[in-house]
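Right, one structure below, let's go through it.
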Amino acid sequence: MSTTKKRNISVLGPNTFTGIKLKEPAVYAAGVPAVKVALQHAFKEMGVIKSLSTLSHMNQKDGFDCPGCAWPDPDKPSKLGEYCENGVKALAEEATNKQVDSDFFAKYSVEELSHWSDYHIGKSGRLIQPMILRSDSIHYKPISWRDAYTLIAQELHQLNSPDEGVFYTSGRSSNEAAFLYGLFVRAFGTNNMPDCSNMCHESSGVALGETLGIGKGSVKLKDFEKAEVIMVIGQNPGTNHPRMLTALQKCKENGGKIISVNPLEEAGLIRFKNPQEVKGVLSSGTRLTDIHLQVKINQDVSLLKLIIKKLAIADKERGNVFDHKFIETYTSGYSALLKDIEHYSEEELLELSGVTETLIDKAVELLAGNNKIIICWAMGLTQHKNGVENIKECVNLLLLKGSLGKPGAGTCPVRGHSNVQGDRTVGIMHHVSPTLNESIEKTFGFTPPDKEGLDTVHAIEAMHNGKAKVFIALGGNFLSAASDTEYTAEALQNCDLTVNISTKLNRTHLVTGKTALILPTLGRSELDEKDGKPRFFTVENSMGKVHQSKGLLKPASENLKSEPEIIGGIADAYFNGAHPVDWKTLSEDYELIREKIGHVIKGFDNVNNRSKGSGFYLPNNTRDLDFGKLPNQRAQFSICGLPEHKIKENEFILMTIRSHDQFNTTIYGLDDRYRGIYNERRIVLMNVKDMNTYDLKRLDVINLISCYDNKERKAANFLVVPYSIPQGNLAAYFPETNVLVPYNHFADKSHTPISKSIIVQIEKV
Ligand SMILES: Nc1nc2c(c(=O)[nH]1)N[C@H]1C(S)=C(S)[C@@H](COP(=O)(O)OP(=O)(O)OC[C@H]3O[C@@H](n4cnc5c(=O)[nH]c(N)nc54)[C@H](O)[C@@H]3O)O[C@H]1N2
Ligand SMILES: Nc1nc2c(c(=O)[nH]1)N[C@H]1C(S)=C(S)[C@@H](COP(=O)(O)OP(=O)(O)OC[C@H]3O[C@@H](n4cnc5c(=O)[nH]c(N)nc54)[C@H](O)[C@@H]3O)O[C@H]1N2
Ligand code: SF4
Ligand SMILES: [Mo]
């Protein structure tokens with residue numbers, strides 16, 4: 001019998017510096033530098049010929065969906081190319097020619113690899129064969145697919161209850177894979193399906209569900225061309241959704257105005273040079289933001305309340321600032337909202353927001369005079385204790401203006417991973433949906449469990465407490481993405497078995513349960529064939545449109561399997577024929593999976609045909625102004641309180657953000673070009689006045705320390721970079737600073753970790 005060897009793993013990796021160079025922050029996004037950098041990345045990872053031939057298929061109707069973010073493609077993609085710098089980086093990362101084979105794992109132990117940086121680990125290349133880390137070993141060794149499935153099945157059978165299993169999903173999986181995975185997990189008997197969206201847009205889902213009856217946004221891409229005002233709040237599209245800048249550009253060209261609300265003045269929102277246009281290359285580009293409101297971290301509710309208060313005063317004077325007909329017909333709670341707003345003093349809200357009043361007045365004037373308004377947001381709103389209320393306050397504003405259900409207006413939570421929205425739609429969730437369970441029972445002949453499952457933060461806690469023992473991940477990098485890295489590491493290390501279905505090596509493969517498996521899978525861009533016939537799968541973009549995606553590249557190895565096949569393999573080994581679902585047949589036949597999705601999920605009927613071409617929109621009650629599911633059959637105004645931070649004099653609020661050179665925990669490179677930071681990730685952005693108060697000079701080294709519930713957490717070695725950021729606020733990159741986020745502090749209702757408002761102290765080194 002094998003004994004368990006305690007491995008000497010570095011959970012956080014190195015905290016050494018890489019050689020910072022600072023320049024002035026950029027004043028525009030994209031342009032020639034974006035094209036140059038994109039091609040550099042592509043050529044380096046894929047070579048010239050493969051790069052150019054593959055890129056011409058990305059985001060085209062007969063090609064594959066960009067593996068980057070969830071921003072939608074236009075209905076008629078340009079033949080010149082429908083992608084951005086970061087889309088190219090995402091592709092290059094996946095389609096790299098480098099490989100991690102069994103020799104690699106024979107050479108490097110997990111102990112040694114854990115001392116590499118995330119950047120170094122990720123650049124090792126594609127995973128190409130199933131590997132096992134046995135409990136008595138520090139080296140991954142090859143294992144056959146069959147033996148891997150058998151081992152997983154045995155471990156799952158050994159659990160005392162299905163609720164001791166945790167089944168994570170990251171948002172890059174197809175609808176087909178996610179549906180099958182959700183089906184298997186329910187057949188296995190648990191709803192423990194934490195998902196990356198628990199750490200992401202869960203607050204949006206909760207807020208929109210409660211106020212408008214659907215947890216998704218309402219706008220379509222075309223609405224950007226018709227909008228009079230677009231508010232971009234808590235989002236950095238230049239880096240994280242670069243082609244959104246094209247949509248903002250169209251709004252500007254049609255006379256629309258843009259208000260940005262952000263503690264940082266992000267380059268992508270200042271000016272855009274569209275690389276697809278001659279003028280974007282030769283001229284100074286398009287000015288995007290008209291009014292930048294440099295709000296303090298997590299004071300968006302204060303700012304929005306002040307705006308609403310000022311609009312209410314203007315409405316009293318002019319009578320037509322709010323859309324009274326809309327309010328009367330479609331909403332509930334208007335007078336309570338107006339009454340509540342009276343309790344707040346303008347001076348207090350102004351002071352809290354940190355924004356100058358003249359700028360707020362300009363924004364109020366714009367909002368007062370227009371009603372085709374779109375509000376776009378992302379993690380700057382969702383990842384706070386009051387994440388749900390942040391979004392409800394945005395909904396309040398849109399409802400007051402009647403800015404829903406008409407062209408050029410609506411809600412736009414801009415999603416992260418390319419299919420995170422689709423994964424949720426087809427059943428990845430820890431909540432119980434009686435309707436979904438009924439349709440599954442009717443279609444497949446088994447009864448899904450009706451006990452609420454664990455979300456991400458509670459799954460970590462359960463693994464930590466020994467209440468969950470097997471962790472399986474369909475994609476993602478759970479260790480580095482989750483909060484409280486050291487606590488999460490202990491949780492994973494407590495498990496008997498951790499399994500990762502992945503394309504690339506990451507830190508979660510190194511910080512493992514007693515036994516660990518890596519199951520390598522096909523990437524989006526790769527040809528997925530069955531009996532010589534190419535298969536396609538489907539995805540849903542950020543605006544609720546479902547369409548097909550078909551890879552074309554020769555797979556990194558013949559030994560790779562598709563995600564549905566791997567799930568089918570696990571399910572088949574687990575049930576061994578004793579289940580009404582024929583898992584093997586279903587997992588290999590995507591058309592059949594889609595047919596079943598059509599039976600189970602509303603709006604997916606005939607998806608096999610309708611997903612071809614430019615695809616189809618799923619039903620959306622907000623677009624149709626149908627609030628039948630809500631109390632009084634009306635959209636709901638919400639009374640939101642102000643966020644409460646008891647900040648001591650020597651404390652700061654830290655937001656953990658993305659650099660321009662990463663996709664979540666995948667580090668593409670070490671440059672944050674738009675912010676002028678090169679070749680370094682261990683930085684902290686700080687206001688010069690704060691630097692003076694603490695007697696800090698540019699590039700001094702500090703440690704960041706958070707203290708919640710008397711527990712100190714430290715992130716060591718960060719270089720101070722003077723930056724235009726409100727006083728008392730700091731910014732640093734995720735995942736290096738996740739160690740500071742307490743696992744048990746998260747948004748009310750949505751349980752999204754407070755990654756954008758961590759109270760910290762600083763310590764000079
Ligand atoms: N290239 C690239 N693309 C990506 C990703 C990536 O890592 N790289 N990640 C994908 C994923 S999963 C997601 S969820 C999205 C994330 O997309 P974003 O949400 O844009 O990503 P963050 O870097 O977290 O940036 C949040 C922005 O909010 C601002 N902010 C922080 N706190 C506050 C606040 O309290 N109030 C306001 N008003 N603003 C605030 C920050 O200054 C920053 O500009 O991007 C997706 N696309
Ligand atoms: N402090 C802090 N923490 C955060 C955030 C923050 O802003 N601040 N943001 C949060 C957000 S918004 C999110 S969405 C999460 C992200 O959490 P995750 O989704 O867990 O993390 P990623 O870094 O996107 O996962 C990258 C890994 O996914 C695997 N992968 C890539 N493509 C595929 C594929 O096609 N199939 C499979 N099976 N695997 C694939 C690769 O192995 C890669 O290493 O992090 C969250 N964590
Ligand atoms: S905007 Fe997002 S989906 Fe579009 S090409 Fe860029 S990374 Fe890919
Ligand atoms: Mo995300």
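In what follows, every heavy atom counts, from backbone to side chain, and hydrogens, waters and symmetry copies are set aside. First listed ligand is number 1; within each ligand, the first listed atom is number 1.
At the shortest separation from atom 26 (C) of ligand 1 among protein heavy atoms lies K756 CE, 3.7 Å. Closest to atom 11 (C) of ligand 1, if we only count protein heavy atoms, is G416 CA, 3.2 Å. Residue, atom and distance of the protein heavy atom nearest to atom 1 (S) of ligand 3 are R243 N, 3.3 Å. Nearest protein heavy-atom contact of atom 6 (Fe) of ligand 3 is C84 SG, 2.3 Å. In this structure, the protein non-hydrogen atom closest to atom 15 (C) of ligand 1 is H241 CE1, 3.7 Å. Among protein heavy atoms, the minimum distance from atom 3 (S) of ligand 3 is reached at C69 O, 3.3 Å.
For R524, the heavy-atom gap to ligand 2 stays at 4.0 angstrom or more. Using a non-hydrogen distance threshold of 4.0 Å, V88 does not register as a contact of ligand 3. Ligand 1 is approached by C200 to a heavy-atom distance shorter than 4.0 Å. Not a single heavy atom of H201 sits closer than 4.0 Å to an atom of ligand 2.
With a 4.0 Å cut-off on non-hydrogen atoms, E94 does not touch ligand 2 at all. With a 4.0 Å heavy-atom cut-off, ligand 2 is reached by the side chain of T521 but not by its N, CA, C or O. Contact annotation: for N506 versus ligand 2, heavy atoms closer than 4.0 Å belong to the side chain alone. If you look at D73 next to ligand 3, there are no close heavy atoms at all, none under 4.0 Å.
Nearest-residue assignment for atom 34 (C) of ligand 2 (options T169, I758, I518, T503; heavy-atom criterion): T503. With atom 5 (C) of ligand 1 as the reference point, the heavy atom nearest to it among T656, N240, D300 is part of N240. Between the choices R507, E563, R658, the shortest heavy-atom distance to atom 13 (C) of ligand 2 belongs to R658. Relative to atom 32 (N) of ligand 1, the option among M655, Q235, H660 with the closest non-hydrogen atom is M655. For atom 10 (C) of ligand 1, the nearest non-hydrogen atom from the set Y733, W71, F663, F734 comes from F663.
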Take R681 and D118 through the salt bridge (Lys or Arg N to Asp or Glu O under 4.0 Å) test and state the conclusion after the steps.
CA-CA 11 Å; R681 290 185 52 84; D118 290 347; over 6 Å; no

Start with the C-alpha distance between R424 and E202, add both sets of side-chain angles, then the distance that settles salt bridge (Lys or Arg N to Asp or Glu O under 4.0 Å), and finish with yes or no.
CA-CA 10 Å; R424 295 301 291 257; E202 189 80 43; 2.9 Å; yes

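The distance from ligand 2 to the heavy atoms of S755 drops below 4.0 Å at these ligand atoms: 1 (N), 2 (C), 3 (N), 8 (N). In summary, the atoms of ligand 1 found under 4.0 Å from a heavy atom of E266, numbered by their order in the structure, are 42 (O), 43 (C), 44 (O). The distance from ligand 1 to the heavy atoms of H417 drops below 4.0 Å at these ligand atoms: 12 (S). In summary, the atoms of ligand 2 found under 4.0 Å from a heavy atom of I501, numbered by their order in the structure, are 37 (C), 38 (N), 39 (N). The distance from ligand 2 to the heavy atoms of Y168 drops below 4.0 Å at these ligand atoms: 17 (O), 18 (P), 19 (O), 20 (O). Every atom of ligand 2 with a heavy atom of M379 under 4.0 Å away is listed here by number and element: 12 (S). Per-residue contacts place S502 under 4.0 angstrom from the following atoms of ligand 2 (heavy atoms of the residue considered): 39 (N), 42 (O).
Here's the thing with N86: one of its N/O atoms is less than 3.5 angstrom from an N/O atom of ligand 1. For a threshold of 3.5 Å applied to N or O pairs, the pair formed by H384 and ligand 1 contains at least one separation below that value. Checking only distances, V261 does come within under 3.5 Å of ligand 1, N or O to N or O. Ligand 1 has no N or O atom lying under 3.5 Å from any N or O atom of Q383, backbone or side chain. Considering backbone and side-chain atoms alike, N664 places an N or O below 3.5 Å from some N or O of ligand 1. Between N262 and ligand 1, a contact under 3.5 Å exists for at least one N or O pair. Checking only distances, T239 does come within under 3.5 Å of ligand 1, N or O to N or O.
Both the sub-6.0 Å distance and the 45° axial angle are satisfied by R172 relative to the ring of F663. For the pair R682 and F718, the cation-pi test (distance below 6.0 Å, angle within 45°) is passed.
Atom 2 (Fe) of ligand 3 lies at 2.8 Å or more from every N, O or S atom belonging to C66.
S302 contributes atom OG, which lies 11.0 Å from atom CD1 of I307 (distance to the nearest 0.5 angstrom). Separating the NZ atom in K550 from the CG atom in D65 is a distance of 14.0 Å, to the nearest 0.5 Å. Atom OH in Y708 sits 10.5 Å away from atom CG in N744 (nearest 0.5 Å).
Other residues, nucleotides and ligands contribute more than 12 heavy atoms inside 6.0 Å of the NZ atom of K123.
A donor and an acceptor atom, one from each side chain of H509 and S502, are located under 3.5 Å apart. The closest side-chain donor-acceptor pair between E565 and S587, if any, does not fall under 3.5 angstrom. H645 and N298 share a side-chain donor-acceptor pair at under 3.5 Å.
Salt-bridge check for K545 with E540: failed, with every basic side-chain N at 4.0 Å or more from each acidic carboxylate O.
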